[in-house]
Amino acid sequence: MDWLAQLLDLPQRFRSTGTGGGVIQDSASSATLVATLAALHRASGGRWRDVGVDRRYRAYTSVHGHSSIEKAARIAGLGTDGIRSIAVDPATQALLPDALRAAIQADLAAGDEPAIVVATIGTTSTTAVDPLPEIGAICAEYGIWLHVDAAYAGAAAVCPELRLSHAGLEYADSYCFDPHKWLLTGFDCDAFWVADRVELIEALTVLPEFLRNAASDSGAVIDYRDWQVPLGRRFRALKLWFVLRWYGVEGLRAHIRSGVALAARFADRVRSDDRLELAAAHPFSLVCFRLRADDDANADLLARVNGTGRAHLTHTRVDGRYTLRLAVGSPQTVERHVDETWALLAGTADDLLTSPVEPVR
């Protein structure tokens, strides 16, 4: 985990040589849950361990925050009502700091306790990047735990030129990304770091007599059972070690750069076609686009392309409009595949626009 933190140039406070450290979770969902529990421990001044949720705590994330954030809040006892969905900038789809501050102030005025803010680097729908410097400053001002979810896009930080998305990460109390998403590692493998491991351990440790041993008592080992929900752990480290060993720094950078370049190549094709438009920025390897037409036409286009079995696109909604998404992630994807997908898409759009059929529902 220290090697991986070095590869991504994460802040020193996340290294095991200091107050923090990293652990492999199964997924970003588990990382978010663990961060939420640690945040409740801090927000309650330690009461949470003994008495549970004894007041109204709040969690904050953008309207594009992953569904696992809501699930974590529900499991932790905050309920869906405990989530504050913060508005985003229509131009960037990123969380609005002023809206976050207003929500925090409103909750404080109502007697509620802000516990955690989850900011996202690379939202699931569009790969938008929330403004960490501004969000972090707000969290520091109010003493709120800041968890950064970079599940997909965190891998991009292996490339120095793509680390701009991590600006402001020094404010974070915890951070995670999934090597199993874009860093060539088999599922499941989420890399999760905390800036202060003591807070996390205090929140989660349970020590019955049968778990006591000399190595733990002396501090000679790290008991990662105190860094996660389950007691037992799978051995996930070896597959990550093999990826780092096999590809090396330059190999991993080449993989990420290839994905970004291929996505840009596809986006250029979209820009060149007046029938289509980009629906969001594409800082990484996901391109959001749509026909300049209604939702039914776009849904029909997606169904027709996927129905050929030659390519597979997904969809989301951006500003309420049905939007298609092309993601590049495989190390075997090359320019030919992107060009063939574009030709398939353009030809299918021709057929759809000249002889529309009843939309697929």
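Being a predicted model, the structure only gives us computed values, none of them experimental.
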Item checked: Evaluation steps, side-chain contact (heavy atoms from CB on, under 4.5 Å), between Val338 and Trp342 -> CA-CA 6 Å; Val338 171; Trp342 170 253; 5.6 Å; no
What's the verdict on salt bridge (Lys or Arg N to Asp or Glu O under 4.0 Å) for Arg13 and Asp196, showing C-alpha distance, side-chain angles and the deciding distance?
CA-CA 8 Å; Arg13 63 206 300 251; Asp196 183 355; over 6 Å; no
Using atom types as modelled and distance alone, determine if a side-chain donor or acceptor of [X] lies under 3.5 Å from a backbone N or O of [Y].
X: Arg233; Y: Ile24; value: yes
X: Arg47; Y: Ser44; value: yes
X: Asp273; Y: Arg269; value: no
X: Asp223; Y: Asp226; value: no
X: Ser30; Y: Asp26; value: no

Are Arg101 and Glu141 close enough, and set up right, to give a side-chain contact (heavy atoms from CB on, under 4.5 Å), and what steps lead you there? CA-CA 10 Å; Arg101 180 184 291 276; Glu141 179 181 347; 3.0 Å; yes
For the residue pair His66 / Ser68, report whether a side-chain donor-acceptor contact shorter than 3.5 Å exists.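 Yes.
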| field | Near-ring test Phe192/Phe177, centroid separation under 6.0 angstrom | value | no
At their closest point, which heavy atom of [X] faces which heavy atom of [Y], and how far apart are they?
X: Thr316; Y: Ser125; result: OG1-OG, 2.7 Å
X: Ala128; Y: Ala94; result: CB-N, 4.2 Å
X: Leu40; Y: Ala115; result: CD2-CB, 4.2 Å
X: Leu240; Y: Thr185; result: CD1-OG1, 3.8 Å
X: Thr333; Y: Ser258; result: O-OG, 4.4 Å
X: His166; Y: Ala157; result: CE1-CB, 3.5 Å

If you count heavy atoms of other groups shown closer than 6.0 angstrom to [atom1] of [X], is the number above 12?
X: Leu164; atom1: CG; value: no
X: Lys239; atom1: NZ; value: yes
X: Tyr224; atom1: OH; value: yes
X: Glu277; atom1: CD; value: yes
X: Asp50; atom1: CG; value: yes

Applying the 4.5 Å side-chain criterion to the ILVMFWY set and letting contacts propagate, would [X] and [Y] be lumped into a single cluster?
X: Ile138; Y: Leu108; result: yes
X: Leu183; Y: Trp246; result: yes
X: Ile256; Y: Val328; result: no
X: Val34; Y: Val117; result: no
X: Phe289; Y: Leu286; result: no

Just so I know, are the side chains of [X] and [Y] near enough to count as touching, which here means a heavy-atom distance under 4.5 Å?
X: Arg290; Y: Arg321; result: yes
X: Trp193; Y: Leu4; result: yes
X: Ile135; Y: Leu146; result: yes
X: Cys159; Y: Arg257; result: yes
X: Leu100; Y: Leu96; result: no
X: Val148; Y: Ser174; result: no
X: Leu324; Y: Cys288; result: no
X: Leu33; Y: Val229; result: yes

Evaluate the side-chain contact (heavy atoms from CB on, under 4.5 Å) criterion for residues Gln93 and Val318: first the C-alpha distance (whole Å), next the side-chain angles of each, then the deciding distance (0.1 Å), finally the verdict.
CA-CA 8 Å; Gln93 303 300 311; Val318 179; 3.9 Å; yes
| task | Could you label the plane-to-plane angle of the His255 and Trp182 rings as parallel, tilted or perpendicular, counting under 30° as parallel and over 60° as perpendicular? | result | perpendicular
Taking atom [atom1] of [X] and atom [atom2] of [Y], what is their separation to the nearest 0.5 Å?
X: Thr126; Y: Arg325; atom1: OG1; atom2: CZ; answer: 9.0 Å
X: Arg275; Y: Leu301; atom1: CZ; atom2: CG; answer: 9.5 Å
X: Tyr322; Y: Asp295; atom1: OH; atom2: CG; answer: 8.5 Å
X: Gln228; Y: Asp190; atom1: CD; atom2: CG; answer: 11.5 Å
X: Ser85; Y: Ile69; atom1: OG; atom2: CD1; answer: 9.0 Å
X: Trp3; Y: Arg245; atom1: CH2; atom2: CZ; answer: 8.0 Å

Decide yes or no on side chain to side chain donor-acceptor pair (under 3.5 Å) for Thr36 and Tyr57, but give the supporting numbers first. CA-CA 11 Å; Thr36 301; Tyr57 293 101; over 6 Å; no
Quiz prompt | Step-by-step ring pair (Phe, Tyr, Trp, His ring centres under 6.0 Å) determination, Tyr175 to His147 | solution = CA-CA 6 Å; Tyr175 168 89; His147 175 62; 8.1 Å; no
Check: Going through the checks in order, is the salt bridge (Lys or Arg N to Asp or Glu O under 4.0 Å) test met by Glu113 and Arg56?
Finding: CA-CA 6 Å; Glu113 188 73 33; Arg56 181 65 63 85; over 6 Å; no
Between the side chains of Arg271 and Asp268, is the shortest nitrogen-to-carboxylate-oxygen separation below 4.0 Å, so that they form an ion pair?
yes
Worksheet item: Are any of the side-chain nitrogens in Arg265 or Glu335 under 4.0 Å away from the carboxylate oxygens of its partner?
Response: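 Yes, charged N to carboxylate O under 4.0 Å.
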TODO: Any chance you could lay out the salt bridge (Lys or Arg N to Asp or Glu O under 4.0 Å) test for Asp112 and Arg58, step after step, and finish with the verdict?
DONE: CA-CA 7 Å; Asp112 298 336; Arg58 297 295 188 186; 3.2 Å; yes
- Apply salt bridge (Lys or Arg N to Asp or Glu O under 4.0 Å) to the pair Arg304 and Asp300, showing each step before the final yes or no. CA-CA 6 Å; Arg304 293 191 189 195; Asp300 192 9; 3.3 Å; yes
Next on the checklist: Given Tyr60, which partner from the list Leu95, Asp107, Ile83, Val118 fulfils the side chain to side chain contact (heavy atoms under 4.5 Å, CB included) test?
Outcome noted: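 Single side chain to side chain contact (heavy atoms under 4.5 Å, CB included) partner of Tyr60 among Leu95, Asp107, Ile83, Val118: Asp107.
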Checking side-chain contact (heavy atoms from CB on, under 4.5 Å) for the pair Leu37/Ile75: CA distance, chi angles, key distance, verdict? CA-CA 10 Å; Leu37 299 177; Ile75 294 172; over 6 Å; no
With Asp188 as reference, evaluate Arg236, His180, Gln25 under the side-chain hydrogen bond (donor to acceptor under 3.5 Å, both in side chains) test and give the passing residue.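 Exactly one candidate clears the test, Arg236.
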